[in-house]
Amino acid sequence: MSYLLAKDTVNGAEGKIVVTIDGRNVEVACMRNITTNAEIQSNDMRVIGTRKVQNKNNGAKLTGTGNIYYGTNLFTDMVLQYINTGVMPEFSIQITNNDPTTSIGSQVMAYYGCTLTGTVPLSILNDEEAMLNYDFNFAWTDVARLQAFSDPAKLGS
């Protein structure tokens, strides 16, 4: 039986995040983590003649979460624009996984039509924190894989 070698697991800190807003590309160097999710929505289906409950997919809820060190204006500016104009800015996020120690190469995913959701702090003070950071949430409407991982060069046996 073959198995994945430890050297081909991806280090979560190796990569970069670029946000595109108003035609500007901003590499977000203060991000601690980011995750995008496609939550498959479905309904149960029951029919006479069987006790089985079948499942029918009917959509996907597209969301993301992240944590960022406090001190960047990126998300604060978006919230202030929304408060002052009533227009929530849209942005794109490009996430690159690129661990040079693996044989699987890089993956680049792009998320389009992103908007902030939930709570975004505008000011933070906390005497128990040496490095302020906060969680944020967003939704997105489209995705493209710009580059895929390759298969590992060698498997264990």
Side-chain angles (χ1 to χ4, degrees), residues 1-44 53-79 88-122 124-157:
M1 174 185 252
S2 297
Y3 57 89
L4 180 67
L5 297 173
K7 67 180 183 174
D8 282 324
T9 59
V10 179
N11 181 332
E14 296 287 349
K16 69 179 182 177
I17 299 156
V18 176
V19 171
T20 303
I21 183 163
D22 296 328
R24 295 179 303 128
N25 291 330
V26 179
E27 186 169 347
V28 186
C30 53
M31 194 79 69
R32 294 184 62 212
N33 62 58
I34 191 165
T35 302
T36 56
N37 299 298
E39 179 185 332
I40 305 302
Q41 306 288 306
S42 62
N43 287 51
D44 289 345
V53 178
Q54 300 176 64
N55 191 278
K56 178 160 177 111
N57 294 336
N58 61 17
K61 184 175 182 179
L62 309 174
T63 62
T65 61
N67 183 280
I68 192 167
Y69 284 108
Y70 182 68
T72 179
N73 295 320
L74 183 65
F75 297 131
T76 305
D77 288 349
M78 290 182 203
V79 171
M88 176 58 76
E90 278 194 10
F91 55 98
S92 298
I93 298 176
Q94 184 172 300
I95 301 171
T96 302
N97 293 97
N98 184 19
D99 183 347
T101 66
T102 72
S103 69
I104 63 172
S106 299
Q107 175 178 268
V108 181
M109 299 289 290
Y111 302 89
Y112 305 104
C114 301
T115 55
L116 292 174
T117 62
T119 302
V120 177
L122 300 179
I124 304 173
L125 287 173
N126 185 336
D127 71 346
E128 295 180 2
E129 293 292 330
M131 294 181 282
L132 294 173
N133 64 85
Y134 64 90
D135 295 321
F136 65 95
N137 299 299
F138 61 99
W140 45 278
T141 58
D142 202 6
V143 61
R145 184 168 57 190
L146 306 179
Q147 182 176 339
F149 288 122
S150 59
D151 290 334
K154 183 179 178 184
L155 295 174
S157 54

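Residue L125 qualifies as open at atom CG: its count of foreign heavy atoms under 6.0 Å is 12 or below.
For D99, the side chain to side chain donor-acceptor pair (under 3.5 Å) partners are T101, not counting sequence neighbours. Residues passing the side-chain contact (heavy atoms from CB on, under 4.5 Å) test with A38, sequence neighbours excluded: L62. Every side-chain contact (heavy atoms from CB on, under 4.5 Å) that I40 has, sequence neighbours left out, goes to N57, A60.
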Please list every donor-acceptor pair under 3.5 Å in which a side-chain atom of residues 27-37 meets a protein atom from a residue at least two apart or in another chain.
{"residue": "R32", "atom": "NH1", "partner": "N67", "partner atom": "OD1", "Å": "3.2"}
{"residue": "R32", "atom": "NH1", "partner": "N133", "partner atom": "OD1", "Å": "3.1"}
{"residue": "N33", "atom": "OD1", "partner": "N67", "partner atom": "N", "Å": "3.3"}
{"residue": "T36", "atom": "OG1", "partner": "Y111", "partner atom": "OH", "Å": "2.9"}

List the atom pairs, with distances to 0.1 Å, where a side-chain N or O of residues 136-155 and a protein N or O form a donor-acceptor pair under 3.5 Å, not counting sequence neighbours.
{"residue": "W140", "atom": "NE1", "partner": "T63", "partner atom": "O", "Å": "3.0"}
{"residue": "T141", "atom": "OG1", "partner": "Y112", "partner atom": "O", "Å": "3.3"}
{"residue": "S150", "atom": "OG", "partner": "I104", "partner atom": "O", "Å": "3.1"}

When the side chains of residues 5-21 are checked against the rest of the protein, which donor-acceptor pairs come out under 3.5 Å, sequence neighbours left out?
{"residue": "D8", "atom": "OD1", "partner": "S103", "partner atom": "N", "Å": "2.6"}
{"residue": "D8", "atom": "OD1", "partner": "S103", "partner atom": "OG", "Å": "3.0"}
{"residue": "D8", "atom": "OD2", "partner": "S103", "partner atom": "OG", "Å": "3.1"}
{"residue": "T9", "atom": "OG1", "partner": "A6", "partner atom": "O", "Å": "2.8"}
{"residue": "N11", "atom": "OD1", "partner": "A13", "partner atom": "N", "Å": "2.9"}
{"residue": "T20", "atom": "OG1", "partner": "N25", "partner atom": "OD1", "Å": "2.6"}

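Between S92 and C114, the closest heavy-atom pair is CA-SG, 4.3 Å.
Note on ring orientation: taking the six-membered ring where Trp is involved, the planes of F75 and F91 are tilted (angle from 30° to 60°).
The CE atom of M109 lies 8.5 Å from the CD1 atom of I95; values are rounded to the nearest 0.5 Å.
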